[in-house]
Amino acid sequence: MIRRRSTPWIHQWSRPLIGAIAALGMLNTGYLTYEKLTGSAPICTAGEQVKGCVDVLSSPWGTVFNQPLALFGLLAYTSMLLLAVVPIVLISKDNDSKKSSQNKSTRQLENLSWWLLWIGAIAMTVFSGYLMYVLAFKLQAVCWYCIASAVFALSMLTLTVLGREWEDIGQVLFIGLIVVVVTLIGTLGIYSGIDTSKNENIDTIASSEQRINFSPKEEPNPNFGWKITTKSGESEIALAQHLVKIGAKEYVAYWCPHCHEQKLLFGKEAYEIINDNNVTVECAADSPKGKPELCRAAKIQGFPSWIINGKIYSGVQNLSDLARLSGYTGPQNFKYFR
């Protein structure tokens with residue numbers, strides 16, 4: 001009697017495990033995307049002398065094509081979840097069907113989905129590896145969400161390798177090498193425009209304890225929120241004048257702590273220029289200055305939000321980012337950093 005070889009447990013459970021890890025990745029990146037788009041600060045613990053998640057997400061590496069990097073991560077994890085789970089559902093349905101042609105097409109789809117899982121897992125792992133390099137050597141920060149995402153990507157890659165019996169190992173390695181090269185070239189191309197000297201300037205500002213982090217201890221005034229306690233320098237004032245000149249708009253709510261953080265980044269003198277020249281639009285209906293109809297017309301989803309050259313940028317923006325987005329070329333020795 002011929003004994004039938006049993007299927008290894010890893011082959012049976014690889015797809016559900018990849019799907020579960022992808023779901024965790026979706027929760028991780030979905031939360032960061034929501035926080036970034038609404039201008040909130042993610043919950044993150046780091047030492048007092050160590051830069052954390054807010055610094056990482058606000059850095060030039062935290063944005064791709066003017067969109068939060070976490071949004072692209074969310075799309076990638078969603079794709080991996082579908083590739084892992086959908087074939088399971090289709091195979092389960094086909095087991096109850098007697099149509100051999102339908103079963104054959106499903107098997108072909110399953111095989112294709114494995115190759116796509118292999119390509120996706122490699123690309124995500126390589127990209128995460130680059131971000132870990134940036135985290136350690138460029139930003140010198142601790143971001144547990146970023147580290148978790150890198151672990152998820154590596155775990156999915158491991159399960160993809162071990163999760164089935166690959167017939168042509170040479171072909172697998174060859175395609176894997178191509179994906180690695182293409183991903184590296186694409187990643188370096190995306191971030192090629194980053195000026196590392198700005199990052200060094202950020203490190204200098206952070207080390208001189210000029211980082212802004214506002215936690216309200218009293219109720220805001222409907223007329224102006226909270227008092228601005230920081231003082232502006234030459235660069236802050238010049239940037240404010242530039243934003244007035246190009247017709248930039250900032251949409252705020254007086255009760256929003258992140259809106260006040262944006263004010264603190266500018267300082268009192270610079271923000272008076274912004275406020276006096278109608279750059280700011282108050283969105284709170286219960287404020288004497290409130291113009292919620294303008295905020296609805298502009299399709300504002302969170303506070304603060306900037307509209308610069310017709311594009312919306314949600315969340316608190318470091319002044320170096322505002323300078324880049326607005327085409328400001330004046331002095332940029334900004335005093336404060338979030």
Work out which heavy atom in [X] is nearest to a heavy atom in [Y]; give both atom names and the distance.
| X | Y | answer |
| --- | --- | --- |
| Ile308 | Ser326 | CG2-CA, 3.8 Å |
| Leu71 | Thr33 | N-OG1, 3.2 Å |
| Val252 | Pro304 | CG1-CB, 4.3 Å |
| Gly302 | Ser305 | O-OG, 2.6 Å |
| Gly233 | Lys335 | N-CD, 3.7 Å |
| His242 | Gly327 | NE2-C, 3.8 Å |

Hey, are the side chains of [X] and [Y] touching, using non-hydrogen atoms and a 4.5 Å cut-off?
| X | Y | result |
| --- | --- | --- |
| Thr63 | Asp321 | no |
| Trp166 | Leu173 | no |
| Phe266 | Thr230 | no |
| Val281 | Tyr251 | yes |
| Trp226 | Glu218 | yes |
| Leu135 | Cys143 | yes |
| Ile228 | Leu264 | yes |
| Tyr336 | Asn318 | no |

Look up atom [atom1] in [X] and atom [atom2] in [Y], then write down how far apart they are to the nearest 0.5 Å.
| X | Y | atom1 | atom2 | value |
| --- | --- | --- | --- | --- |
| Leu159 | Ile21 | CG | CD1 | 5.0 Å |
| Lys249 | Leu294 | NZ | CG | 8.5 Å |
| Leu139 | Trp61 | CG | CH2 | 5.5 Å |
| Arg164 | Leu117 | CZ | CG | 10.0 Å |
| Phe65 | Phe72 | CZ | CZ | 6.5 Å |
| Leu319 | Asn333 | CG | CG | 11.0 Å |

Pairs satisfying disulfide (SG to SG under 2.5 Å), at least one member in residues 212-273, at least two apart: none
According to the disulfide (SG to SG under 2.5 Å) rule, which pairs have a member within residues 278-338, sequence neighbours left out? Cys283-Cys295
Between [X] and [Y], is there a donor-acceptor pair closer than 3.5 Å when you use the side chain of the first and the backbone of the second?
| X | Y | result |
| --- | --- | --- |
| His258 | Phe214 | no |
| Glu250 | Val279 | no |
| His260 | Gly225 | no |
| Gln332 | Ser320 | no |
| Glu269 | Ser232 | yes |

Scan for ring pair (Phe, Tyr, Trp, His ring centres under 6.0 Å) pairs involving residues 267-290, sequence neighbours excluded, and state none if there are none.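 Counting only pairs at least two positions apart or across chains, no ring pair (Phe, Tyr, Trp, His ring centres under 6.0 Å) contact touches residues 267-290.
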Count the heavy atoms belonging to other residues, nucleotides or ligands that lie under 6.0 Å from CD of Glu167, then report whether that count exceeds 12.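 Atom CD in Glu167 is not packed in, count stays at 12 or less.
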Using residues 73-85 as the side-chain source, report each donor-acceptor pair under 3.5 Å to any protein atom, sequence neighbours left out, with the distance given to one decimal.
unit_1 : atom_1 : unit_2 : atom_2 : d
Tyr77  : OH     : Ser149 : O      : 2.9
Tyr77  : OH     : Ser149 : OG     : 2.9
Thr78  : OG1    : Leu74  : O      : 2.7
Ser79  : OG     : Leu75  : O      : 3.0

Hydrophobic cluster membership, Ile185 vs Met124, 4.5 Å side-chain cutoff: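 Not linked; separate clusters.
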Val179 reachable from Met156 in the ILVMFWY side-chain graph, under 4.5 Å edges: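 Per the 4.5 Å side-chain linkage, Met156 and Val179 are co-clustered.
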Fellow cluster residues of Phe174, listed by chain then number, with links counted only when side-chain atoms sit under 4.5 Å apart: Ile178, Val182
Can you say whether the rings of Phe334 and Tyr328 are parallel (under 30°), tilted (30 to 60°) or perpendicular (over 60°)? tilted
Contacts of type side-chain contact (heavy atoms from CB on, under 4.5 Å), residue [X], not counting sequence neighbours:
| X | result |
| --- | --- |
| Ser128 | Ala150, Ala153 |
| Ser287 | Tyr254, Glu282, Ala284, Lys289 |
| Val126 | Ile122, Val180, Thr183, Leu184 |
| Gln241 | Ile237, Ile273 |

Side chain to side chain donor-acceptor pair (under 3.5 Å) contacts in which one or both residues fall within residues 12-29, not counting sequence neighbours: Arg15-Ser113
Using the test side chain to side chain donor-acceptor pair (under 3.5 Å), find all partners of Asn275 that sit at least two apart in sequence or belong to another chain.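 Listed in chain order: Thr280.
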Tell me every residue that passes side chain to side chain donor-acceptor pair (under 3.5 Å) with Asn277, counting only those two or more places apart in sequence or in another chain.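 Not a single residue meets the side chain to side chain donor-acceptor pair (under 3.5 Å) criterion with Asn277.
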